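Residues: numbered from 1 along the sequence shown. Owing to the predicted nature of the structure, the values given are computational and were not obtained by experimental measurement.
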Amino acid sequence: MRQTAGRKAEIPHVTHELARFTVGIRYEDLPAAVRFMAHQCLLDWLGVTIAGSREPLALMLKAEAAEEGGAPRAMLFGGGGRTSMGQAALVNGSAGHALDFDDVLGAMTGHATAPVAPAVLALAEGRGLDGRRVIAGMVAGIEVEARLGRVLGDSHYAKGWHATGTIGAFGAAAAAANMLGLDAARTACALGIAGTQAAGLKSMFGTMCKPLHAGKAARNGLMAATLAERGFTSRDDVLDCAQGFTDTQTATFQPEALLEEPDRFHILDTLFKYHPACYGTHATIEACLAIADNPAFDAGDVERVEVKVPAKALRMCNIAAPQTGLEAKFSLAYNAGLGLTKKATGALDIYFDENLDQPDVHAIRDRVSVEGSGNMPKFAADVVVHLGNGVALRGTGDVGTPARDLDRQWEKLQGKFRALATSLLGAEAAEALIKTVGNLDAAGDVGAALGPAGAETSRGGLRGSGSAAYPR
């Protein structure tokens, strides 16, 4: 996808270019930092998946998988036995997004690892593939998601499509195609099979369907690649043809964006979460936590709170009076209340249904007004708190800058993983998994190496019992 200097910008054939790009990703060619980031994405996803495996929606999907049956070729993380590769991708993919605690990628406008990792790990276990295949597949899938996100432009997400479900299906297909060693023609076919299945509506945010989007994208993408491997047919121009994916799902199709920054690895821009809520609320939470630390602040003296966020957030996470924990994760007002009362600790249980009845949080939530701005950074917030004594306190937050100290970030993600997984798996198994993921390149059999993540445990653990016992 390289453009000759001084040459007029070309309009690429997007499907073919992405297929060729997918085929060209090889482990040995990846920069060390890119490989390291793939390890970090996997560890973070595995932790939130293990914790999410106890969520009601994950338990329902496990029951569905058990009833449906299938060859036991891949594990269900967090216990639950083994099932088919497709069912494992579906269940693990949904569990990994259940807590809304998984990573975010701005170029995609979604959760890049959520649909890719479950497909990659199910395929690796089912086919006995090694760790290097997994790392290369992860990078291929996430990079395809990022590039397709740029090609689609803003209107796809703004119209109401959930990119984690739609673009994620292409990412999962590309990852699996890379791992299977499909050529460019078969990979283009896999993208076509994924594209005709791609779906996910933003109107479902705050319900169990949002995590299901990630699981379906993982399962559909994996199936797209394995069917293409068998010779299943599809159009090889799903991203370019009339009535194809881009023609029907975006008004801002920008194919030339595919040729920009050809050597950039978008995976390095991954943003990790330290609050288990929609990432659109995180800047507001951080701004409110900073205000709460001001000696002049008194939560009982709040008259009104003005929250200004990017306009896009108003249709993503602006549920004014959430009635469930899932809805609370998508409420700027509620999360402002959590931040100003210093209850936004990163613990999972603050979003449990049974813990939503908090008068001090509600008192602030009901005083919050939210305004959208068309010229703010993508993940920023400006908060002004007016107190009864006439004092106004301002806080700003911006969580859109990726970490560049990857060693420090790895330490933080290990701490997050321990907080999420130890209560369910035990300290010994949790530490073993951290070591395994860190050295995944050397694993000859990924399924065997990750065995502790799927082991049945008598601990059971509280649903979502992880806490914020990690460095921030």
Side-chain angles (χ1 to χ4, degrees), residues 18-30 34-35 37-39 41-43 45-46 49 71 73-75 77 84-90 92-93 96 112-148 167-194 214-215 217-232 234 265 267 436-437 439-450 453:
L18 284 178
R20 283 194 288 268
F21 172 81
T22 298
V23 171
I25 294 289
R26 300 189 306 170
Y27 172 87
E28 54 269 27
D29 297 332
L30 297 174
V34 172
R35 296 178 190 171
M37 185 61 83
H39 288 268
C41 291
L42 278 168
L43 182 69
W45 178 83
L46 194 59
T49 301
R73 299 181 62 189
M75 73 181 83
F77 295 117
S84 67
M85 291 191 301
Q87 285 282 19
L90 172 65
N92 291 332
T113 302
V116 172
V120 162
L121 295 181
L123 180 61
E125 188 175 6
R127 294 290 184 92
L129 304 179
D130 63 26
R132 293 190 171 200
R133 290 273 192 97
V134 166
I135 297 301
M138 282 286 297
V139 174
I142 290 173
E143 294 301 324
V144 163
E145 289 175 320
R147 283 160 172 76
L148 182 53
I167 298 175
F170 289 94
N178 177 277
M179 293 173 67
L180 291 170
L182 302 188
D183 62 18
R186 289 284 176 89
T187 299
C189 222
L191 295 177
I193 300 168
R219 178 176 184 169
N220 291 346
L222 174 57
M223 182 174 69
T226 55
L227 285 178
E229 182 187 38
R230 295 179 185 275
F232 201 92
S234 165
F265 284 96
I267 192 173
T436 293
V437 174
N439 298 309
L440 197 65
D441 316 59
D445 183 339
V446 169
L450 293 178

Sorted by chain and number, sequence neighbours left out, salt bridge (charged side-chain N to carboxylate O under 4.0 Å, His left out) with Arg127 holds for Glu229
Salt bridge (charged side-chain N to carboxylate O under 4.0 Å, His left out) against Arg20, all qualifying residues, sequence neighbours excluded:
Glu17
With Ala146 via side chain to side chain contact (heavy atoms under 4.5 Å, CB included) - residues at least two apart:
Leu105, Ala107, His266
So, using side chain to side chain contact (heavy atoms under 4.5 Å, CB included) as the criterion, who are the partners of Ala228 when residues are at least two apart?
Leu182, Cys189, Ala190, Ile193
Nearest-0.5 Å distance that lies between atom CE in Met85 and atom CG in Leu123
6.0 Å
Quick one: CG on Leu440 to CZ on Arg132, what's the gap to the nearest 0.5 Å?
11.0 Å
Quick one: list whatever passes side-chain hydrogen bond (donor to acceptor under 3.5 Å, both in side chains) with Thr187, sequence neighbours left out.
none
Shortest non-hydrogen contact from Thr49 to Gly96?
OG1-CA, 3.2 Å
So the salt bridge (Lys or Arg N to Asp or Glu O under 4.0 Å) pairs with at least one residue in residues 135-144 (sequence neighbours excluded) are Glu143-Arg147
Qualifying salt bridge (Lys or Arg N to Asp or Glu O under 4.0 Å) pairs with a residue from residues 173-193, counting only residues at least two apart or across chains
none
Which donor-acceptor pairs under 3.5 Å do the side chains of residues 112-119 make with protein atoms, sequence neighbours left out?
{"from": "Thr113", "atom 1": "OG1", "to": "Asp103", "atom 2": "OD1", "distance (Å)": "3.3"}
{"from": "Thr113", "atom 1": "OG1", "to": "Asp103", "atom 2": "OD2", "distance (Å)": "2.6"}

Less than 4.5 Å apart, side chain to side chain, heavy atoms only: is that true for Gln87 and Leu90?
yes
Could you tell me whether the side chain of Leu121 reaches within less than 4.5 Å of the side chain of Trp45, counting heavy atoms only?
yes
Take Val120 and Val446, measure what side chain to side chain contact (heavy atoms under 4.5 Å, CB included) needs, and give me the verdict at the end.
CA-CA 10 Å; Val120 162; Val446 169; over 6 Å; no
Donor-acceptor pair, distance only, cut-off 3.5 Å: does the side chain of Asn439 make one with the backbone of Ala442?
no
Check whether Arg133 reaches the backbone of Met179 with its side chain - one donor and one acceptor, N or O, closer than 3.5 Å.
yes
Can I get a per-line list of side-chain donor-acceptor pairs under 3.5 Å for residues 167-175, giving both atom names and the distance, sequence neighbours left out?
none

In Val139, Leu42, Leu129, the residue satisfying side chain to side chain contact (heavy atoms under 4.5 Å, CB included) with Val134 is Leu42
Please table the atom pairs, donor to acceptor, closer than 3.5 Å between any side-chain atom in residues 219-227 and protein atoms at least two apart or in another chain.
{"from": "Asn220", "atom 1": "ND2", "to": "Lys216", "atom 2": "O", "distance (Å)": "3.3"}
{"from": "Thr226", "atom 1": "OG1", "to": "Leu222", "atom 2": "O", "distance (Å)": "3.2"}
{"from": "Thr226", "atom 1": "OG1", "to": "Met223", "atom 2": "O", "distance (Å)": "3.1"}

